[in-house]
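These notes are about the structure you will find just below.
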Amino acid sequence: MPELPEVETTCRGIRPHITGRRITDLIVHQRQLRWPVPAQLKRSLKGQRIDSVGRRAKYLLLECESGCLIVHLGMSGSLHIVASGVPAQKHDQVDFVFTNTVLRFHDPRRFGSIHWTRRDPLRHKLLRNLGPEPFSEAFTARYLYDRAASRKVSIKNFIMSSGIVAGVGNIYASEALFLSGIHPQRAAGRIALSRYEKLVANIKHVLGTAIDAGGTTLRDFTREDGRPGYFAQKLNVYNRRGEPCPVCGHPILLRTLGQRSSFYCGRCQH
DNA sequence: ACAGTAACCTGTTTGC
DNA sequence: TGCAAACAGGTTACTG
């Protein structure tokens with residue numbers, strides 16, 4: 001999916017178009033997403049004004065008058081602002097209808113999901129156990145180091161765990177580890193605090209730079225107006241198997257780790 | 001608590 | 001060229 005930078009890009013993109021506006025209708029073309037779209041959602045949403053648009057981890061939070069709409073883009077989802085009357089295409093699953101405008105949820109693989117809660121969204125089952133936001137002050141080297149104590153899981157899988165830190169997916173985990181010179185398979189509990197200092201700084205850096213570039217578009221992701229993100233050209237290792245390492249020239253390696261592709265330099269990362 | 005795996009889906013790429 | 005297998009940015013739920 002959309003990892004954190006793509007969700008943040010989407011959040012910033014849709015915010016000015018829908019904040020303060022009222023949802024006049026909900027059209028569900030496809031109810032079966034990762035979880036079914038709630039049967040009562042249309043009744044809950046009709047007439048609701050969007051008070052604010054925010055993000056927690058990879059969840060978009062659309063705060064309304066009497067509840068919060070929670071949207072996750074899954075692996076292939078995107079949200080687009082289109083004019084009323086633009087016909088839905090294949091894989092356009094749900095339309096949030098406003099006067100003159102539609103917020104359209106597009107998701108070929110249907111791993112995304114849509115939820116509605118009348119309580120604090122941060123206490124929702126899916127958000128309750130998330131780790132700190134990577135840009136927050138709570139996300140420090142000491143925090144990671146302590147959580148990693150005696151853990152044998154690979155550092156890559158560790159930083160991709162949503163309960164450890166929110167929003168770091170496969171692309172940015174690979175990139176941050178490369179910038180930090182840490183081998184993706186190294187056990188999380190066998191990394192010095194000083195190396196965690198580097199890693200935390202690089203996670204913040206790579207995510208921040210990607211947000212500035214409008215995210216990474218490899219295949220499905222596009223912004224609210226349909227443009228791609230431009231961070232793909234700045235990737236050092238991800239999707240670059242066999243290409244020379246930008247630091248030492250050794251060919252970038254690919255190994256499958258926890259069912260996910262891991263790209264790294266065998267000479268620079270230990 | 002932790003580690004590992006299957007599962008949710010469809011489209012595209014890879015390999016025979 | 002054709003067809004089937006493998007793979008794709010996420011996360012939960014289940015197993016041992």
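Side-chain atoms are counted along with the backbone in the values below, which use heavy atoms only and exclude waters and symmetry mates. Bear in mind that the values here come from a model prediction, so they are computed numbers and not experimental data. Chain identifiers are assigned alphabetically (A, B, ...) following the order of the sequence lines, protein sequences preceding nucleic acid strands; residue numbering begins at 1 within each chain.
Both Ser150(A) and Gln259(A) lie near DNA chain B, and the one whose nearest nucleotide falls closer to the 5' end is Ser150(A). Mapped onto DNA chain B by nearest heavy atom, Asn157(A) and Gln30(A) fall at different nucleotides, with Asn157(A) at the one closer to the 5' end. Across the interface with DNA chain C, nearest-nucleotide mapping of Phe263(A) and Leu127(A) shows Phe263(A) to be the residue nearer the 5′ end.
Between the side chains of His115(A) and Thr117(A), no donor-acceptor pair is found at a separation under 3.5 Å. Between the side chains of Asp107(A) and Ser76(A), a donor-acceptor pair is found at a separation under 3.5 Å.
Of all non-hydrogen atoms in Arg118(A) and Ser44(A), the two that sit nearest each other are NH2-OG, 3.9 Å.
At whole-Å resolution of the value, CE in Met75(A) and C1' in dT12(B) are 13 Å apart. Atom P of nucleotide dC2(B) and atom CE of Met160(A) are separated by 18 Å, given to the nearest angstrom. The nearest whole Å value for the distance from the CG atom in Leu257(A) to the P atom in dG4(B) is 10 Å. Atoms CG (Asp92(A)) and P (dG11(B)) sit 13 Å apart, rounded to a whole Å. In this entry the distance linking NE2 of His124(A) with P of dT11(C) reads 15 Å, nearest Å. Atom CZ of Arg241(A) is separated from atom P of dA6(C) by 15 Å (rounded to the nearest Å). Here dT12(C) presents its P atom at 16 Å from CG of Leu33(A), a figure rounded to the nearest Å. Put simply, CD on Glu6(A) is 12 Å from P on dT11(C), counting in whole angstrom units.
At the heavy-atom level, Leu126(A) lies under 4.0 Å from the strands shown only through sugar-phosphate atoms. Residue Gln32(A) is out of contact with every strand shown, counting any heavy-atom pair closer than 4.0 Å. At a threshold of 4.0 angstrom between heavy atoms, the contacts of Arg109(A) include nucleobase atoms, whether or not backbone atoms are also involved. Counting any heavy atom pair closer than 4.0 Å across all strands shown, Thr216(A) reaches a base atom. At a threshold of 4.0 angstrom between heavy atoms, the contacts of Arg151(A) are confined to the sugar-phosphate backbone, with no base atom among them. Looking at heavy-atom distances under 4.0 Å, Asp220(A) makes contact with a base.
Under the Watson-Crick or G-U wobble criterion, with both distances below 3.5 Å, dA1(B) is left unpaired in every strand shown. When Watson-Crick and G-U wobble pairs are counted only if both distances are under 3.5 Å, dC16(B) pairs with dG2(C).
Taking only side-chain atoms of Arg260(A), from C-beta outward, the nucleotide of dT11(C), dA3(B), dG11(B) with the closest atom is dT11(C). Taking only side-chain atoms of Arg110(A), from C-beta outward, the nucleotide of dA3(B), dT10(B), dT12(C) with the closest atom is dT10(B). If you check dA6(B), dG10(C), dG11(B) against the side chain of Asn170(A), the one that comes closest is dG10(C). Of the candidate nucleotides dC8(B), dA6(B), dA3(B), dC8(B) has the atom lying nearest to any side-chain atom of Arg34(A). Relative to the side chain of Trp35(A), the nucleotides dT10(B), dT12(C), dG10(C) differ in distance, and dT12(C) lies closest. Proximity note for Tyr59(A) (side chain, C-beta onward) versus dT10(B), dT11(C), dA6(B): the nearest is dT11(C).
Comparing the P positions of dC3(C) and dC9(B) gives an interatomic distance of 26 Å, to the nearest angstrom. Distance check on atom P: dC7(C) versus dT5(B) gives 14 Å, rounded to whole Å.
Listed pair His72(A) / dT11(C) meets the phosphate criterion, a side-chain N or O lying under 4.0 Å from OP1 or OP2. Of the side-chain N and O atoms in Ser162(A), one or more sit less than 4.0 angstrom from OP1 or OP2 of dT12(C). In terms of phosphate contacts, Lys125(A) brings no side-chain nitrogen or oxygen within less than 4.0 Å of OP1 or OP2 of dT12(C). A close approach under 4.0 Å does not occur between any side-chain nitrogen or oxygen of Lys152(A) and OP1 or OP2 of dA3(B).
More than 12 non-hydrogen atoms from other residues, nucleotides or ligands lie less than 6.0 angstrom from CD of Glu65(A). Few gaps surround OH on Tyr196(A); more than 12 heavy atoms of other groups in view lie less than 6.0 Å from it. Heavy-atom neighbours of Lys204(A) NZ from other residues, nucleotides or ligands within 6.0 Å: above the threshold of 12.
Stacking of Phe111(A) onto the six-membered ring of dT11(C) is not present when judged by under 5.5 angstrom between centres and under 30° between planes.
Between Phe231(A) and Tyr172(A), the ring planes are tilted. Angles from 30° to 60° get that label.
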